[in-house]
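The structure under discussion is supplied below as C-alpha cells; questions concerning it will follow.
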There are 2 protein chains.
Amino acid sequence: MNGEYDFNREVSDKYSLRGRVFHKIRNDILNGRYKEHEELKEIRIGKELGVSRTPVREALRQLELEGLVQIIPNRGAFVTGIQENDVRDIYAIRALLEGLCARWATERITAEQLEAMEENVYLAEFHAGKGHMEQMAELDNQFHHILYDACGSKMLEHQLIDYHSYVMRIRRKTLSTIERSTASNKEHRAIMEAIRAGKADLAERLASEHMKNAYENMVKNRLYDIYKKDMED
Amino acid sequence: MNGEYDFNREVSDKYSLRGRVFHKIRNDILNGRYKEHEELKEIRIGKELGVSRTPVREALRQLELEGLVQIIPNRGAFVTGIQENDVRDIYAIRALLEGLCARWATERITAEQLEAMEENVYLAEFHAGKGHMEQMAELDNQFHHILYDACGSKMLEHQLIDYHSYVMRIRRKTLSTIERSTASNKEHRAIMEAIRAGKADLAERLASEHMKNAYENMVKNRLYDIYKKDMED
DNA sequence: TCTTGCATAATTGTATACATTTAATGCAAT
DNA sequence: ATTGCATTAAATGTATACAATTATGCAAGA
C-alpha cells in the first residue's frame with residue numbers, strides 16, 4: 001500500500017542480463033583484453049554472451065558512465081584511450097579527494113571499519129614479506145575501498161570508486177614492484193594510525209601524499225609507457 | 001582507408017532522437033518540472049515526445065551518468081533526490097576542485113579565455129547595478145564554465161560540469177538575492193585578477209573560498225529548505 | 001598510380017512484439 | 001474493518017525487425 005522505497009540502498013544489478021554484460025565487458029577492459037580505442041561491436045559481444053543487442057547497448061551506455069567506454073553517435077562504442085595527461089590529472093584530483101576522504105573518515109569511521117582497515121594493513125605486511133604480489137594488489141584495492149566506505153559520503157565514495165577503476169588498468173602494472181608495495185604499505189599504516197588517533201589534518205595530508213607518491217613512482221618507472229606499448233601489440 | 005578519428009572532440013549528439021529526449025528530460029529536471037523521486041515512465045515520456053521506448057530508455061541511462069536520475073532494476077527511473085548531506089558534500093568537493101581548476105587556469109589560460117572572463121565580470125557588475133537577476137544567474141554559470149574550460153584538463157572540466165549541473169537546481173534559487181550576487185561578483189573579480197596576475201596559490205585559495213561562501217550563504221538563508229518545500233506541492 | 005563515384009555490406013538507431021517482474025485490484029475468510 | 005491470496009493490470013527487460021547511417025570494395029577515369 002505504501003510507496004516507500006529506500007533510495008539510498010545500493011543496487012547490485014548483477015543478475016539481470018544487462019548487469020552481467022556490463023560486468024563482463026568491464027572486466028575485459030580492466031584486465032586489458034581490449035586495446036585502447038578498440039571498437040566494441042554490439043553484435044559480436046551479444047553473440048559471445050548469447051544475448052541480443054539491446055542489453056549490450058545499454059551496458060555500453062552505462063560503461064560510458066564509468067569513463068571506460070566512449071560512444072560516438074552512429075559510429076559505435078570504443079574503449080577509452082588513456083592519455084598521459086588524463087592520468088596526471090586524475091592523480092592530482094585523487095590527491096585532493098583521497099585527502100578529504102581520509103579527513104572525513106577520521107571523523108566518522110566505525111569500529112568495524114577501523115578493524116577491517118587494521119586487518120588489511122597486517123595482511124598486506126604479511127604478504128609483502130612473502131612476496132605475494134597478486135594478493136598485495138588486491139589488498140591495496142581493498143584498503144582504498146574501506147577508506148571510501150568509511151568517509152560516510154555516498155557522493156565522495158562514488159567519485160573515488162570511479163577514478164579508482166579508471167586507473168586500475170594502469171595501477172595493476174605500477175604496483176607490481178616489491179619496493180613500491182612495501183612503501184605503499186607503510187603509507188597505508190600511517191594513514192590508518194592517523195585515523196585511529198583522530199588526527200584529521202594528518203590523515204588528510206598523508207592520504208594526499210600517498211597519491212602523489214603513487215603517481216611519482218609510476219612516472220619514475222615509466223611503467224605507464226610499457227603498459228601502453230604492451231597494449232599496442 | 002585510414003581509421004583515424006579524433007577521440008578528443010566533443011560530441012554534441014543533439015540531433016539523434018536519444019539526444020533530443022536526453023536534453024528534454026534533463027531540462028525538465030533542472031527546471032523543476034519533475035519532483036524529487038518522481039518516477040519517469042518510459043511509455044509516458046515516449047508518448048509525449050512522439051518516440052518509442054528505446055531512445056527514452058537510453059536517454060534515462062545516460063541521465064544516470066549525470067546523477068540526475070536513478071535507475072532501480074525492474075522498478076523504473078526516478079529523479080534523484082537531493083539530500084542535504086549530498087549538497088554539503090558536493091560543495092566541499094567542489095571547493096577543492098574549483099581551487100585546483102583555478103590553479104591550473106592560472107598556468108594555462110589563453111588570452112581569449114582571459115578576455116572572455118574579464119567581459120563576464122564587467123557584464124555581471126553592470127547587471128548587478130540594474131538588478132537584473134536573470135542575467136546574473138546566467139553570467140554566474142558562464143563564469144564557472146569559462147574557468148573550467150581554461151584549466152586545460154578535460155577530466156577536471158568534465159567533473160566540475162557534472163557537479164555544476166547537479167546543484168544547478170538549487171543554485172538557481174540560492175543566488176537570487178542581490179546581496180549574495182554582489183558579493184559573488186566581487187569574488188569572481190578577485191579570482192579573475194589573481195589568474196591574470198599569475199598568482200596560482202591565491203587563485204586557488206580564492207576559488208575554494210568562493211565555493212565555501214556560496215554554500216554558507218545557502219545554508220544561512222535556508223533557501224534549500226524553501227526549495228524543498230516548494231517541490232513538495 | 002591515384003582519385004572519384006557508386007554499389008554493397010556492415011553497423012548503429014529506432015520501433016515493436018513478447019517475456020518477465022512488479023504493482024494494483026478484488027474478493028473471500030476471519 | 002482487515003488480512004491474505006489469487007487475479008489482473010502495468011511497467012520494465014529482452015529479442016527481433018526494419019530504417020538510417022557509415023564503412024568497404026571496386027571499377028572507371030584522370
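These numbers come from the heavy atoms of this one structure, side chains and all, not from hydrogens, waters or symmetry mates. So you know, we letter chains A, B, ... as the sequences are listed, proteins then strands, and number each from 1. Bear in mind that the values here come from a model prediction, so they are computed numbers and not experimental data.
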What is the separation between atom CZ on A:Arg44 and atom C1' on C:dT12, rounded to the nearest whole Å? 16 Å
Roughly how many Å is it from CG in B:Leu40 to P in D:dA10, rounded to a whole number? 20 Å
Write down the protein N/O and nucleotide N/O pairs, taken from nucleotides 16-20 of chain C, whose separation is under 3.5 Å; answer none if there are no such pairs.
{"residue": "C:dT16", "atom": "O4", "partner": "B:Thr54", "partner atom": "OG1", "Å": "3.4"}

Of the listed nucleotides (C:dT12, D:dA15, C:dA15), which one gets closest to any side-chain atom of A:Val51? D:dA15
What is the distance, rounded to the nearest whole Å, between atom CZ of A:Arg18 and atom P of D:dT12? 12 Å
Distance check: side-chain N/O of A:Arg57 vs OP1/OP2 of C:dT12, anything under 4.0 Å? no
Provide, to the nearest angstrom, the distance between the CD1 atom belonging to B:Ile72 and the C1' atom belonging to D:dG13. 16 Å
What's the closest nucleotide to the B:Arg75 side chain, out of D:dG13, D:dA11, C:dA23? C:dA23
For B:Arg108, all residues meeting side chain to side chain donor-acceptor pair (under 3.5 Å), sequence neighbours excluded: none
Go through the structure and list residues passing salt bridge (Lys or Arg N to Asp or Glu O under 4.0 Å) with B:Asp162, not counting sequence neighbours. none
Round to a whole Å and report the spacing from CD of A:Glu39 to P of D:dT22. 13 Å
List in chain and number order the residues that pass side chain to side chain contact (heavy atoms under 4.5 Å, CB included) with A:Glu64, two or more places apart in sequence or in another chain; answer none if no residue qualifies. A:Ile71, B:Gln62, B:Leu65
How would you list, by chain and number, every residue that makes a side chain to side chain donor-acceptor pair (under 3.5 Å) with A:Lys212, sequence neighbours excluded? none
Is any side-chain heavy atom of A:Gln83 closer than 4.5 Å to a side-chain heavy atom of B:Lys154? no
From the set D:dT12, C:dT11, D:dG13, return the single nucleotide nearest to any side-chain atom of B:Arg61. D:dG13
Round to the nearest Å and state the distance from A:Gln62 atom CD to D:dT14 atom P. 11 Å
Can you tell me the distance, in whole Å, between the CG atom of A:Leu17 and the P atom of D:dT12? 18 Å
B:Arg26: side chain to side chain contact (heavy atoms under 4.5 Å, CB included) partners, not counting sequence neighbours: B:Phe22, B:Leu30, B:Leu63, B:Glu66, B:Leu68, B:Ser165
Rounded to whole angstroms, how far apart are CD1 on B:Ile43 and C1' on C:dA15? 13 Å
Answer yes or no: does atom CD of A:Glu38 have more than 12 heavy-atom neighbours from other residues, nucleotides or ligands under 6.0 Å? yes
